[in-house]
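We count ligands from 1, going down the list as the structure has it; atoms in each ligand are counted the same way.
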Amino acid sequence: MNYILIGDSGHGKVIEDCIMANGHQVTAKLDDKYEELFKEDAYIKGPISAVHKLLNKETKIIISIGHNAIRQKIVERLQVEEKQYGTVIHPSAIISPSAIIGYGTVIMPNVVVNAYSTVENHVILNTGCIVEHDCLVSNFVHISPGAVLTGGVSVWEGTQIGARASINPTLQVGKWSMVGAGSAVIRNIPDSVTAVGVPTKIIKERRIVND
Ligand SMILES: CC(C)(COP(=O)(O)OP(=O)(O)OC[C@H]1O[C@@H](n2cnc3c(N)ncnc32)[C@H](O)[C@@H]1OP(=O)(O)O)[C@@H](O)C(=O)NCCC(=O)NCCS
């Protein structure tokens, strides 16, 4: 399978490693820092709008941008069919057979997704994070490296859980919020806030989703 990465950045390099570990390759890297299509090394590069020219049956798209709101905006802008997005799972990840994994989602090395969890679309499960049993990870969420969602946790659309943060069982983390690195979440977190610390305290409202 050939992949088109949207976003030519550091995050894309990690995703490319995952794609190659599965025996597939990246053939194009599109980014709006480029004005027109050109060839560099083994890649076609160019603006994001060129994706429609490059797509075919043997090609899948991954949006390789770590910022959740920008990932969402690009999906809205592209208007391509769901089936044209790939799902990339590094071979070292352990995914329960009963887990459901959506499209456009990337699962990095050493991630664990346990029984009956659902990971929706355009999600990033970053290196070594753990999604325990019966969790819900909604669209456009980013679970950062080493973070732990214990059993029955729900993380709603667009939220980022910082590196090595942990969320206690059955808690809900609202939409478009941010949980700081290393934080311990012991109560539900509402929509559109930044929460940090052990245990977490809310330190600010996020006025717009790309704060
Ligand atoms: C939570 C976070 C987004 C806050 O960033 P910010 O909005 O720029 O906030 P500031 O750095 O101005 O910090 C505000 C206050 O929160 C505290 N704080 C920030 N992050 C914290 C954290 N992770 N744990 C505890 N306290 C934290 C700061 O010390 C500061 O406290 P003060 O007002 O008493 O001085 C950021 O610190 C963070 O943890 N990001 C996660 C990074 C990450 O995991 N990335 C993964 C990439 S793959």
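- Aromatic ring centroids of H133 and Y116 lie 6.0 Å or more apart.
- Applying side-chain hydrogen bond (donor to acceptor under 3.5 Å, both in side chains) to N2 and the options K60, H24, Q25 leaves one that passes, Q25.
- Atom 5 (O) of ligand 1 is not flagged as protein-proximal [any protein heavy atom, distance under 4.0 Å].
- Every atom of ligand 1 with a heavy atom of N126 under 4.0 Å away is listed here by number and element: 48 (S).
- Put simply, the side chain of N139 never gets that close to the backbone of E120: no donor and acceptor are under 3.5 Å apart.
- Of the protein's heavy atoms, Q160 NE2, 3.9 Å lies nearest to atom 45 (N) of ligand 1.
- Taking every heavy atom of A163 and a limit of under 4.0 angstrom, the matching atoms of ligand 1 come to 43 (C), 44 (O).
- Looking only at atom types and distance, the side chain of T59 has a donor-acceptor partner in the side chain of N56 under 3.5 Å away.
- When distances from atom 30 (C) of ligand 1 to the protein are checked, no heavy atom turns up under 4.0 Å.
- For atom 39 (O) of ligand 1, a protein non-hydrogen atom is found at a distance below 4.0 Å.
- The ligand atoms of ligand 1 that sit less than 4.0 angstrom from a heavy atom of A181 are 22 (C), 23 (N), 24 (N), 38 (C), 39 (O), 41 (C), 44 (O).
- The OG atom of S64 sits 11.5 Å away from atom NZ of K13, with the distance rounded to the nearest 0.5 Å.
- With respect to atom 14 (C) of ligand 1, the closest heavy atom belonging to the protein is I203 CD1, 3.8 Å.
- When K201, K204, M178 are checked for heavy-atom proximity to atom 3 (C) of ligand 1, M178 turns out nearest.
- Side-chain contact of H11 with S9: a donor-acceptor pair under 3.5 Å is absent, judged by distance alone.
- Residue-ligand proximity: P145 is placed with a non-hydrogen atom under 4.0 Å from ligand 1.
- Looking at V198 against ligand 1, nothing comes within 4.0 Å, counting heavy atoms.
- Taking every heavy atom of G180 and a limit of under 4.0 angstrom, the matching atoms of ligand 1 come to 1 (C), 23 (N), 39 (O).
- There is no protein heavy atom less than 4.0 angstrom from atom 34 (O) of ligand 1.
- For the pair K45 and Y34, the cation-pi criterion (under 6.0 Å, within 45° of the ring axis) is not fulfilled.
- Each of the following atoms of ligand 1 lies closer than 4.0 Å to a heavy atom of G162: 44 (O).
- In this structure, atom 24 (N) of ligand 1 has a protein heavy-atom contact shorter than 4.0 Å.
- At a distance under 4.0 Å, a protein heavy atom can be found next to atom 27 (C) of ligand 1.
- For atom 9 (O) of ligand 1, the nearest protein heavy atom lies closer than 4.0 Å.
- Looking at N68, its side chain does come within 3.5 Å of a backbone N or O of G158 through a donor-acceptor pair.
- Of the candidates T200, V196, I124, the one placing a heavy atom closest to atom 17 (C) of ligand 1 is V196.
- Contacts of V179 with ligand 1, taken as heavy-atom pairs under 4.0 Å, are absent altogether.
- Contact annotation for S144 and ligand 1: only side-chain heavy atoms (C-beta onward) come within less than 4.0 Å of the ligand.
- The shortest non-hydrogen separation linking G174 to D191 is CA-OD1, 3.3 Å.
- Using bins of under 30°, 30° to 60° and over 60° for the plane-to-plane angle, the ring pair Y103/H122 lands in the perpendicular bin.
- For the pairing with C129, the side-chain contact (heavy atoms from CB on, under 4.5 Å) check across V137, I107, I143 returns one residue only, I143.
- Side-chain contact between I44 and L37: present, with at least one pair of heavy atoms (C-beta onward) separated by less than 4.5 Å.
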